[in-house]
There are 2 protein chains.
Amino acid sequence: MTSERTWTIAELADELGVTHRTLRHYEQLGLLSPERRGPQRVYRRGDRVRLELILRGRRLGFGLAEIGRIIGMYDEQPGEVGQLRYLLQRVAEQRAQLQQRRHDIDAALAELVEVERRCLADLRQLAGEPAARQPGQERDR
Amino acid sequence: MTSERTWTIAELADELGVTHRTLRHYEQLGLLSPERRGPQRVYRRGDRVRLELILRGRRLGFGLAEIGRIIGMYDEQPGEVGQLRYLLQRVAEQRAQLQQRRHDIDAALAELVEVERRCLADLRQLAGEPAARQPGQERDR
DNA sequence: CTTTACGTTGACGTCAACGTCAAGCACTGC
DNA sequence: GCAGTGCTTGACGTTGACGTCAACGTAAAG
């Protein structure tokens, strides 16, 4: 009953839109470590979750090394007080970085909205005043 | 009176935290095109703004080619109807992508908060029960 | 007048993140 | 029994984004 769903390398790669080469690459870097059934890789739910985390980090523009450090934070053992303090500090740094990125995105979105506004204004301009050169030309196609 | 502030390559690079090599690289890719006073590059306010846009795009994880297309959208001429429609479409695509990134960031932030919570809980755990080995040790320093 | 500082153009090096063979094992179907 | 299909491990190639080095021009400072 507790027979978890597993994936072959091709299945997992397909589902998440990467190639098997990418998975092997991440494994070499220590970002993934699937089990082996003989020589074959067997990916379990946990591996899939990790991979999704990696891909999200990639979309956010982090390098694989930094991604490794980030997801390392998620599954770190309690450990001793010093380690916990250190981890908390890294979490704070990471949060600051992500918030900076959020601001960047908001600024970029605001500018895009502005571009869009200008575009629409220009379109109305051209639609409202078709009284320029060559009147009856360039219709709606 | 209208003598704008200008920058040399080293000044601008220093101020924005990149190297002169980076600026020349961006120029080769057509992302920047400063004026020349003889053989020397002279960067004006507009160049600086463009560079800041480029760096923001970089922080967001875009490649330089895509960044070129993005900032190209900002200073595109009105042009004809077809171009305007095309531009609007690209703006929409770009917005969708940025919003996806926002969601990624929000998810990552939420998880970091969770890690932080667990950390603090563990710390309280260790502080509230110092009744283990070596009682009187490891004070607040 | 030479040094020093800052600028210039190539050209090649490097690092990350894969892509792309090549060669081989293991089971499945006919 | 052998031809596919899908997995495996190297090993080398590629692309993007610069770093680095060589060789040279120029303009102010001592």
Side-chain angles (χ1 to χ4, degrees), chain A residues 4-44 47-48 50-72 94 97 101 104, chain B residues 4-44 47-48 50-72 94 97 101 104:
Chain A
E4 286 186 25
R5 160 94 206 255
T6 62
W7 289 264
T8 74
I9 192 170
E11 286 168 355
L12 189 55
D14 273 22
E15 279 192 35
L16 299 196
V18 296
T19 70
H20 67 286
R21 181 65 181 87
T22 301
L23 295 192
R24 282 185 41 219
H25 186 50
Y26 294 168
E27 191 173 341
Q28 279 191 5
L29 300 185
L31 297 180
L32 291 176
S33 36
E35 291 173 20
R36 300 289 178 126
R37 185 114 48 222
Q40 312 235 146
R41 292 167 174 84
V42 176
Y43 295 87
R44 307 176 85 86
D47 298 313
R48 190 194 160 116
R50 279 181 83 88
L51 180 52
E52 286 170 350
L53 284 176
I54 295 171
L55 297 181
R56 195 178 67 195
R58 225 179 47 168
R59 283 196 301 273
L60 293 178
F62 291 104
L64 293 181
E66 192 161 13
I67 290 176
R69 272 173 272 137
I70 295 172
I71 62 183
Q94 189 60 29
Q97 218 184 118
R101 277 200 178 41
D104 285 338
Chain B
E4 286 185 24
R5 161 92 206 255
T6 63
W7 289 263
T8 73
I9 193 170
E11 286 167 354
L12 188 56
D14 273 22
E15 279 192 34
L16 299 196
V18 295
T19 70
H20 67 288
R21 180 63 180 88
T22 301
L23 296 192
R24 283 184 41 221
H25 185 51
Y26 293 167
E27 190 172 342
Q28 279 190 6
L29 300 185
L31 297 180
L32 291 176
S33 36
E35 292 174 19
R36 299 288 179 129
R37 185 114 50 222
Q40 313 234 145
R41 293 167 174 84
V42 176
Y43 295 87
R44 308 176 85 87
D47 298 314
R48 191 195 160 115
R50 278 181 83 88
L51 180 52
E52 285 169 351
L53 284 176
I54 295 171
L55 296 181
R56 196 178 66 195
R58 225 178 47 165
R59 282 195 302 272
L60 293 178
F62 291 104
L64 293 180
E66 191 160 13
I67 289 176
R69 273 173 272 139
I70 295 172
I71 64 183
Q94 189 60 30
Q97 216 184 121
R101 274 192 177 47
D104 285 338

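Proteins get letters first, then strands, A, B, ... in listed order; numbering begins at 1 in each. Computed from heavy atoms alone, side chains included, the values below leave out hydrogens, waters and symmetry copies.
Across the protein-nucleic acid pair, A:E27 atom CD and C:dA17 atom C1' stand 16 Å apart, rounded to whole Å. One can place CG of B:L64 at 16 Å from P of C:dA17, the figure rounded to the nearest angstrom. As rounded to whole Å, 16 Å separates atom C1' of C:dT9 from atom CG of B:L23. Taking atom NE2 on B:H25 and atom C1' on D:dC18, their separation rounds to 6 Å, with Å as the unit.
Looking at the side chain of B:R41, the nearest of the listed nucleotides C:dC18, D:dC18, C:dT9 is C:dT9. Side chain of A:I9, nearest nucleotide from C:dC18, D:dC7, C:dG7: D:dC7. When distances are taken from the side chain of A:R36 to each of D:dT9, D:dC18, C:dG19, the shortest belongs to D:dT9.
For the pair B:R44 (side chain) and B:D47 (backbone), a donor-acceptor distance under 3.5 Å is absent. For the pair A:R59 (side chain) and B:D104 (backbone), a donor-acceptor distance under 3.5 Å is absent.
Separating the CZ atom in A:R41 from the CG atom in A:L12 is a distance of 12.0 Å, to the nearest 0.5 Å.
Residue A:Y26 places at least one side-chain N or O closer than 4.0 Å to OP1 or OP2 of C:dC18. Taking side-chain N and O atoms only, A:T8 has no distance below 4.0 Å to OP1 or OP2 of D:dG6. Under 4.0 angstrom from either OP1 or OP2 of D:dA17 there lies no side-chain N or O belonging to B:T22. Between B:T19 and D:dG19, a side-chain N or O to OP1/OP2 separation shorter than 4.0 Å is present. OP1 or OP2 of D:dA17 has not a single side-chain nitrogen or oxygen of B:R58 nearer than 4.0 Å.
Checking B:G63 against B:Q40, the closest nucleotide of DNA chain D that is more toward the 5' end is the one next to B:G63. Looking at which nucleotide of DNA chain C each of B:R21 and B:A10 is closest to, the 5′-most match is held by B:A10. Closest-nucleotide positions on DNA chain C for A:L29 and B:P39 were compared, and the one nearer the 5' end corresponds to B:P39.
Using a 4.0 Å cut-off between charged nitrogen and carboxylate oxygen, B:R48 and B:E52 count as a salt-bridge pair.
Cation-pi geometry between B:R69 and B:F62 is not met at under 6.0 angstrom from the ring centre and within 45 degrees of the axis.
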